[in-house]
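Here's the structure, in structure tokens; my notes come after.
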2 protein chains.
Amino acid sequence: MRVTTIHGTRDIRLEDRPAPTIDAPTDAIVKVVASCICGSDLWPYRGENQITAGDPIGHEMVGVVEEVGSAVTSFRPGDFVIVPFCHSDNTCPHCRAGMSSGCENVGITKGGQGEYAKVTQAEGSLVKTDGMPDESVIPSLLTLSDVMATGWHAAVAANVRPGSTAVVVGDGAVGLCGVLAAAQLGAERVVAMSRHEPRQKIATEFGATHLVAERGEDGEQQILDLTDGVGADAVLECVGTDQSMRTAFNIARPGSTVGFVGVPHGVELPVGRMFSRNVGLAGGMAPVRTYLPELLDLTMKGAINPGLVFDLTLPLDEVAEGYRAMDERRAIKVLLQP
Amino acid sequence: MRVTTIHGTRDIRLEDRPAPTIDAPTDAIVKVVASCICGSDLWPYRGENQITAGDPIGHEMVGVVEEVGSAVTSFRPGDFVIVPFCHSDNTCPHCRAGMSSGCENVGITKGGQGEYAKVTQAEGSLVKTDGMPDESVIPSLLTLSDVMATGWHAAVAANVRPGSTAVVVGDGAVGLCGVLAAAQLGAERVVAMSRHEPRQKIATEFGATHLVAERGEDGEQQILDLTDGVGADAVLECVGTDQSMRTAFNIARPGSTVGFVGVPHGVELPVGRMFSRNVGLAGGMAPVRTYLPELLDLTMKGAINPGLVFDLTLPLDEVAEGYRAMDERRAIKVLLQP
């Protein structure tokens, strides 16, 4: 089968590899219907994460069950499923407590940017739709495997409340989904920090009531002005750099929480400021499976349309161009069709 | 009047200084009935904080109102009051949101280890008792000015829930008050990490159900064993060092929160672990005034007796010995009588 592999900095290839096989009774093989490139895939692409040359890449996908192991009883070949990027058994104490990304048997989708992928803990991880979904909804369903659930996690971790002012730092696909999540969770004012017109437009469609184009101190001042000097009730940090984290803490009001979902790179947390201002930090790797039933319901009834984050669709053969487009910010998020 | 001053490392003096005066209509002067030495006073005492030689020291006190400014209408001379270590107007957006330590007009008690102290924002800060309290309850009332409210804040920030397992890192007076708070908030298991027999005894009186004497990895392993490998539902970090913070994060279960109230010294937060395990951090300088009504009620009806943390009472004249006793861990917490 064809699968995307990474060989070094900015070296993405589509290669022929053996299709994955059932190795454990809890495994399932899913034929990919749609996958995509994650902002976090750009870290190894840019050489900022260690890689093993030749590793398959890609962890966001939806597809059709091809084969299941003997312990997988709720799914069968032909089911259309959303595959959470992190697999979980849905029975361990962490899953039961709603933190499925901390599952004792956690796994991660590998090679999702390909034709077939293996899901470990398939019984606990997969969520199926009622029959084959309409093609038009597939982009939105695809976002539920990671990016939309991650934006949702940022909003939940930041404790977005009805009537509050939420600020989203970062206008990547996760940040845009964070805007959508904050609006869904009832924030009265949702501020998107974005300077890119196409992203501003999606943010507005997703429910942003305010746009702040400035960065750094200027942007922070705008947030303070907007809130009469009080600061934001909730801040969603959706980047993962030291600068974005600092901005997040600089605009968060005392007693509030920064919800963070950007994989931290070079972040040094301002513990002294956190202490003196009583600003907390919560979040991390999103418990996708935990949120999936609710997000699937919202998507199927049309309450959210997170698939709007895809502004470029490419055949899998052109995956390398997809990476280039995202790296150069020519595309917000790239959907791949095998 | 006599007041305690700090002149350098381990150089504490009792000196004669002019009594404080009303400088603003929001001020009040309180005659000290009892004050005490805070664990955080030991940082400058040990030379680990910058000081200005000769500065008055001490921020925990109860006393009797001596004089009030013209804007202070709810208090008059003769009222017995608890003085939160941080003063707040109780009307600004942060106070109204329950984060009085983030007050736009925040102040801090200075020279509380003396005969008289000034309270800025007296109207919003002070809380009075019904008449003069019995002498026996004064130590407990004194703890409400800081240490008990701070332990409470750790438990609230860590989101201690009924039926949960809470672990308290640190067996200083704040940690012990954290044990008391976690038990009051309904934790089913309260684990005190303490190796000192007198502190273990108070922890047990305060509601600790388990004691862990080991530190570092051994202590962490004990917590994991106690929780079947899951980790604690809530962790109260009541020290403020890098080691205690690391222990806190190592024993917190995924999705839980470390509540921190120890002024951080040399702490580098493990942001990568926080992300991968979804363990949050919340807390900081306690909003004492916010908690005071509830804590005063619990104290007056005898539901809590936090004054047990005082194991040494000295006349103010012997304040330098009080610092030595706490520095050398001969005393848990020293009460000073002017």
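Just so we're on the same page: letters track the sequence lines, and every chain starts at 1.
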| query | Of the non-hydrogen atoms in B:Phe275 and A:Val261, which two are nearest, and what is the gap between them? | reply |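 The answer is CE1-O, 3.4 Å.
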| message | Heavy-atom pairs under 4.5 Å with chain A - which of B:Met274, B:Glu268, B:Arg277 has more of them than the others? | response |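 Top count of heavy-atom pairs under 4.5 Å with chain A: B:Met274.
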| query | Distance-only, no hydrogens or angles: does the B:Arg253 side chain make a donor-acceptor pair with backbone N or O of A:Ala97 under 3.5 Å? | reply |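 Not at all, since once roles are kept as given, no pair shorter than 3.5 Å links the two residues.
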| said: So for B:Val106, is it side chain, backbone, both, or neither that comes closer than 4.5 Å to the heavy atoms of chain A? | reply: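 Neither; nothing under 4.5 Å.
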| query | What part of B:His265 is in contact with chain A, defined as an atom under 4.5 angstrom from a non-hydrogen atom: side chain, backbone, both or neither? | reply |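 No part of B:His265 comes within 4.5 Å of chain A.
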Taking every heavy-atom pair that is under 4.5 Å apart, which of [options] has the most such pairs with chain B?
{"options": "A:Asp233, A:Asp228, A:Val271", "result": "A:Val271"}
{"options": "A:Pro93, A:Ala282, A:Gly102", "result": "A:Pro93"}
{"options": "A:Cys92, A:Gly262, A:Gly259", "result": "A:Gly262"}

| Do other residues, nucleotides or ligands put more than 12 heavy atoms under 6.0 Å from B:Gln243 CD? |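 It does not: B:Gln243 CD has 12 such atoms or fewer within range.
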| query | Got a sec: does the CD of A:Glu104 have more than 12 other heavy atoms crowding it under 6.0 Å? | reply |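 Correct, the count exceeds 12.
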| request: Check whether the side chains of A:Asn278 and B:His94 place a donor and an acceptor atom closer than 3.5 Å, and report yes or no. | output: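 No, no side-chain donor-acceptor pair sits under 3.5 Å.
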